[in-house]
> 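Below are the structure tokens for one structure; questions will follow.
What you see is a predicted model, and the numbers here were worked out from it, not measured in a lab.
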Amino acid sequence: MLAKGTAVPKSFLVPLFALQAPADVISWIKGEYGIWAAFLALLVRLFFFIPGRGTQQGAIISLVIAGYLAFQHFSRAGNLRKAFEQGSVVATLAIICITALSCLFLI
């Protein structure tokens with residue numbers, strides 16, 4: 001999805017991956033980059049309400065972001081055949097997998 005020529009807005013990827021990251025990854029980030037992560041998290045918490053990880057609200061937000069990314073990707077590609085061309089097949093498969101994974105988090 002970070003490949004050149006994709007139509008995915010990169011600003012939506014960070015919250016999506018943060019909501020879907022395993023607890024081990026989050027604890028590693030906290031250990032290595034604890035001061036900056038805490039500072040940035042404090043800034044985000046001051047201005048935005050973000051539901052906790054592992055909750056149904058977090059899964060719904062993740063599904064909405066994934067759905068929006070899929071909509072943007074497929075609408076800018078033009079049609080389904082163009083979305084699976086050589087230049088964007090990796091991004092198309094990644095968006096399909098992320099959307100499916102977000103749906104599984106609701107179950």
Side-chain angles (χ1 to χ4, degrees):
M1 288 182 359
L2 299 174
K4 184 179 177 184
T6 61
V8 175
K10 306 306 186 264
S11 62
F12 287 102
L13 295 177
V14 173
L16 179 67
F17 291 140
L19 287 170
Q20 294 180 351
D24 295 337
V25 172
I26 298 297
S27 66
W28 177 78
I29 291 172
K30 285 180 183 177
E32 291 290 320
Y33 306 104
I35 295 172
W36 285 108
F39 176 70
L40 292 175
L42 179 65
L43 287 177
V44 169
R45 284 299 260 196
L46 285 174
F47 299 108
F48 301 105
F49 172 72
I50 299 175
R53 294 176 62 252
T55 63
Q56 187 175 12
Q57 293 89 3
I60 290 171
I61 290 173
S62 179
L63 181 63
V64 167
I65 293 171
Y68 177 73
L69 290 175
F71 171 75
Q72 287 291 319
H73 177 72
F74 287 115
S75 65
R76 289 187 183 170
N79 60 21
L80 194 58
R81 183 175 299 193
K82 287 182 182 178
F84 281 102
E85 287 180 351
Q86 186 177 6
S88 63
V89 68
V90 174
T92 302
L93 292 175
I95 288 191
I96 290 171
C97 290
I98 285 177
T99 306
L101 185 66
S102 298
C103 289
L104 288 177
F105 281 151
L106 283 175
I107 297 176

> Do I65 and F105 land in one hydrophobic cluster if side-chain heavy atoms of ILVMFWY residues count as linked below 4.5 Å?
no
> Do I61 and V64 land in one hydrophobic cluster if side-chain heavy atoms of ILVMFWY residues count as linked below 4.5 Å?
no
> Looking at F71, I'd like to know if its CZ atom is crowded, meaning that more than 12 non-hydrogen atoms belonging to other residues, nucleotides or ligands lie closer than 6.0 Å.
no
> If we only count heavy atoms from C-beta on, is the L63 to L106 side-chain gap below 4.5 Å?
yes
> Side chain to side chain contact (heavy atoms under 4.5 Å, CB included) between I96 and F74: does it pass, once the steps are laid out?
CA-CA 11 Å; I96 290 171; F74 287 115; 4.3 Å; yes
> Sub-3.5 Å donor-acceptor pair from the side chain of S62 to the main-chain atoms of S102, do we have one?
no
> Do the side chains of V89 and L80 join up, straight or via other hydrophobic residues, at under 4.5 Å, putting them in one cluster?
yes
> Taking all non-hydrogen atoms of both residues into account, name the closest pair between A91 and H73 and its distance.
CB-CE1, 4.1 Å
